[in-house]
There are 2 protein chains.
Amino acid sequence: MTTTPHIPVRDLSLKHLRQSCVNCSLRELCLPIGLSAEEMRELDTLITQAKPIKRGEALYRAGEPFRSLFAIRLGFFKASVISEDGREQVTGFHMTGELMGMDAVSSDLHTCDAIALEDSEVCELPFTDMEELSRRIPILQHHFYKLMSREIVRDHGVMLLLGNMKAEERIAAFLLNLSQRFAIRGYSASSFHLRMTREEIGSYLGLKLETVSRSLSKFQENGLIKVQNRLIEIINPDALKQLINNCQQ
Amino acid sequence: MTTTPHIPVRDLSLKHLRQSCVNCSLRELCLPIGLSAEEMRELDTLITQAKPIKRGEALYRAGEPFRSLFAIRLGFFKASVISEDGREQVTGFHMTGELMGMDAVSSDLHTCDAIALEDSEVCELPFTDMEELSRRIPILQHHFYKLMSREIVRDHGVMLLLGNMKAEERIAAFLLNLSQRFAIRGYSASSFHLRMTREEIGSYLGLKLETVSRSLSKFQENGLIKVQNRLIEIINPDALKQLINNCQQ
DNA sequence: TGCAGATTTTGATATCGATCAAGGTTATGA
DNA sequence: TCATAACCTTGATCGATATCAAAATCTGCA
C-alpha cells in the first residue's frame with residue numbers, strides 16, 4: 001500500500017510529460033527559477049522523455065562514463081560508493097524532484113552507484129547541453145551552481161551526524177529528514193513507507209542493521225513512533241527533535 | 001621550523017602577485033584549464049589582491065552573507081560547521097591552491113566557519129562576477145562545475161571514512177591524504193607539520209582527541225611513523241595503506 | 001497457495017572508543 | 001626568563017554499539 005502523491009501524475013504522452021517534467025515533478029531543478037516561456041521551451045528540448053527504472057535496477061554505476069545528470073521524475077533511489085575493499089557506504093537517498101549524478105562532473109565518470117529502491121522514472125539532462133544552455137540563461141547557470149552547493153551542504157550535515165551523534169540521535173534525525181521531504185512533496189509527514197532495508201539505513205548512518213532495528217523498537221516502546229516493518233508512523237515528532245538537540249557532549 | 005615550498009613565492013608587488021595568483025599558487029582553480037592570455041587577463045581583473053589572514057582569524061563565519069569564493073594563495077585553513085546545540089564538526093582542511101566557500105552558494109550565506117590555522121593569504125573571487133565571466137569563458141564555467149563536483153566527491157570519501165572505518169584506519173587515511181596533498185604542492189610527502197590540534201583532527205575524523213593521540217603513538221611504536229608533537233614523519237607508507245584496505249568487516 | 005530466501009527482531013556477549021583523571025610538554029606573552 | 005595556558009600523552013574504567021546467534025516475519029516467485 002503506497003500513499004499517492006497530491007501532485008497527480010496524469011498523462012504520460014510526450015507533450016504532457018514534458019510539460020509536467022519541467023513544471024511539476026522536477027521541483028528542485030526547475031520550480032525555483034523564473035524562466036520565460038521561451039526559455040522553458042529550450043530547456044524542454046534538452047530533457048529526454050522520462051525513462052522508467054525498475055526497482056533494483058541501476059540508473060548508473062560507479063566507473064561508467066558520465067554524460068547526463070538525472071532528474072527523478074518519480075520514485076526513490078539510493079546512491080552509494082563502494083570502497084576498494086568492498087564496503088558499501090550509502091551516501092544518500094533521493095526522491096522525486098531531486099537531481100542525481102553531480103558527483104560525476106569532476107572526473108567525467110560516475111563515482112556512485114544509483115539504485116532504484118522502487119519503480120521509478122527519471123529524466124535525462126545531457127550535461128554538455130545543459131552547460132551550453134546555462135551560458136545563455138544566467139538564472140539556469142546560477143541554479144545549477146546552487147544545486148551543487150546544496151549537495152555539499154547536505155553532505156556536511158551527514159558528516160556532522162556521523163561524526164557527532166549517537167545511534168538514536170542519528171535515527172531520529174533520519175526519520176525527521178524523511179518526514180520533511182515527504183511533506184514537501186505533498187505526502188504525509190507523519191506516516192510513510194521506508195523504501196530501504198535496515199541495512200541500507202545503517203550504511204547511511206554508520207550503524208549496523210541490528211542497531212537500527214533496536215532504535216526503532218525503542219522509539220516505538222517510548223511512544224515516539226509506530227513501526228510496522230517498513231511503515232513508519234511518527235507519533236511524537238517533538239520528542240524526536242528534542243532527542244537530536246539534547247545530545248550535547 | 002617550516003619546510004619551504006618548491007614553488008617560490010617571490011615578489012608581492014601587485015603585478016607579480018596577480019601573475020603568480022593565476023599561474024602558480026591557485027593551481028586547483030586555474031592550472032587545469034587552458035585559458036588564452038586575454039581570458040587570463042580578464043580573470044585577473046576579477047581576482048582581488050591577496051589578503052593576509054592571521055593564524056586564528058576567520059576568513060568568514062557561518063551566517064555571514066556570501067559574496068565571494070576564496071582561493072588560498074598560501075596557508076592552511078579548517079572549515080567547520082557548528083550544530084544548534086554547539087557541537088563542532090570540522091568538515092575539511094584546506095591548503096594552498098584550494099577554493100573555499102562553495103557551500104555558501106546554495107543559500108547566499110556561509111554555512112561554515114573558515115579559520116586560518118597558520119598565517120595565510122587568500123584571493124577573493126567575487127562570485128557574481130565569476131558567474132558572469134564563466135558565461136563568456138565556457139572552459140571556466142566547466143571548471144567551476146568540476147570544482148564543486150570534486151568537493152562533493154571528497155565529502156563522500158569522508159562519509160565512507162566516518163561510516164565504515166575504525167579509528168586507526170581513519171587516522172591512517174588522514175595522514176596519507178595530507179601526505180599526498182603536500183607532495184602535490186612540492187613539499188615533502190614523508191615529513192610534514194600538522195597545522196591542527198589533536199582535537200581538530202578528532203573532530204574531522206569523528207574521534208576524541210585521546211583516541212587520535214593513542215593511535216599516533218601506536219603507529220610510532222610499530223614503526224609506521226615518527227611523531228614529535230605536530231611534526232609527522234611517515235616511515236612506512238605501505239603499511240599505512242594496508243591498514244586502510246585490510247579493514248574488511 | 002506455499003515455499004525459499006530475504007529481511008527483521010531480539011538476546012547474549014565482546015570490543016572499541018569514550019570518558020575521567022593526572023601528569024608532562026610546548027607555546028605564548030609579560 | 002619565567003609564568004601561565006594550551007595542548008598532548010598515558011592509564012584506568014565504562015558504556016555504546018558491534019558481533020554472534022537464533023527465531024520470527026515478510027516477500028516474491030513458482
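Fair warning: this is a prediction, and the values are worked out from it, not measured in the lab.
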| Taking CE from A:M196 and C1' from C:dT7, how many angstroms apart are they, rounded to a whole number? | 15 Å

| field | Nearest-Å distance for atom pair CD/P, residues A:E118 and D:dT27 | value | 15 Å

| Can you list the residues that meet the side-chain hydrogen bond (donor to acceptor under 3.5 Å, both in side chains) rule with A:T111, with sequence neighbours excluded? | A:D103

| Rounded distance in Å - CE (A:M165) to C1' (C:dA18) | 18 Å

| field | Interatomic distance where CZ belongs to A:R195 and C1' belongs to C:dT7 [whole Å] | value | 18 Å

Check nucleotides 20-24 of chain C for protein N or O atoms closer than 3.5 Å to its own N or O atoms and list the pairs.
from, atom 1, to, atom 2, distance (Å)
C:dC20, N4, B:E210, OE2, 3.3

| What residues form a side chain to side chain contact (heavy atoms under 4.5 Å, CB included) with A:A114, not counting sequence neighbours? | A:L59, A:Y60, A:M100

| field | Pairing of A:R185 and A:E98 as salt bridge, 4.0 angstrom limit | value | yes

| Any idea which of C:dT7, C:dT9, D:dT17 is nearest the A:L209 side chain? | C:dT9

| message | Looking at A:T48 and A:E124, would you say the former's side chain and the latter's main chain have a donor-acceptor pair under 3.5 Å? | response | yes

| said: I'd like to check the salt bridge (charged side-chain N to carboxylate O under 4.0 Å, His left out) partners of B:K218; sequence neighbours left out, ordered by chain and number. | reply: B:E168

| request: Could you tell me the separation between the CG atom of B:L117 and the P atom of D:dC7, rounded to a whole number of Å? | output: 11 Å

| message | When you measure from the side-chain N and O atoms of A:R230 to the phosphate of C:dT8, is any distance below 4.0 Å, counting only OP1 and OP2? | response | yes

| said: Under the rule for side-chain hydrogen bond (donor to acceptor under 3.5 Å, both in side chains), what residues qualify as partners of A:H110, not counting sequence neighbours? | reply: none

| A:A189: side chain to side chain contact (heavy atoms under 4.5 Å, CB included) partners, not counting sequence neighbours | A:S179, A:A183

| field | Interatomic distance, A:L216 CG vs C:dT8 P [rounded to whole Å] | value | 10 Å

| said: For B:E169, is there an ion pair with A:R87 - N to carboxylate O distance below 4.0 angstrom? | reply: yes

Enumerate all atom pairs, one protein N or O and one N or O from nucleotides 27-30 of chain C, separated by less than 3.5 Å.
from, atom 1, to, atom 2, distance (Å)
C:dT28, OP1, B:R55, NH2, 2.3

| message | Less than 4.0 angstrom between a side-chain N/O of B:K208 and OP1 or OP2 of C:dT19, yes or no? | response | yes

| query | OP1, OP2 of C:dT7 versus side-chain N and O of A:S213: anything below 4.0 Å? | reply | no

| Residues forming a salt bridge (charged side-chain N to carboxylate O under 4.0 Å, His left out) with A:R214, sequence neighbours excluded | none

| Whole-Å distance between D:dT17 P and B:N164 CG? | 16 Å

| With a non-hydrogen cut-off below 4.0 angstrom, is B:G56 in contact with a base, only sugar-phosphate, or nothing? | nothing

| query | Has A:R198 got a side-chain N or O lying under 4.0 Å from the OP1 or OP2 atom of C:dA6? | reply | no

| Between A:R170 (CZ) and D:dA16 (P), how many Å, whole number? | 14 Å

| query | If an axis is fit to five pairs at each end of the helix from C:dT1-D:dA30 to C:dA30-D:dT1, what is the angle between the two, to the nearest 10°? | reply | 60°

| message | Using the salt bridge (charged side-chain N to carboxylate O under 4.0 Å, His left out) criterion, which residues pair with A:R61? Sequence neighbours excluded. | response | A:D113

| Which nucleotide in the list C:dG17, D:dT19, C:dT19 gets nearest to the side chain of B:T211? | C:dG17

| field | Residues which pass salt bridge (charged side-chain N to carboxylate O under 4.0 Å, His left out) with A:E200, listed by chain and number, not counting sequence neighbours | value | A:K78

| query | Residues two or more places apart in sequence or in another chain: which of them pass side-chain hydrogen bond (donor to acceptor under 3.5 Å, both in side chains) with A:K226? | reply | none

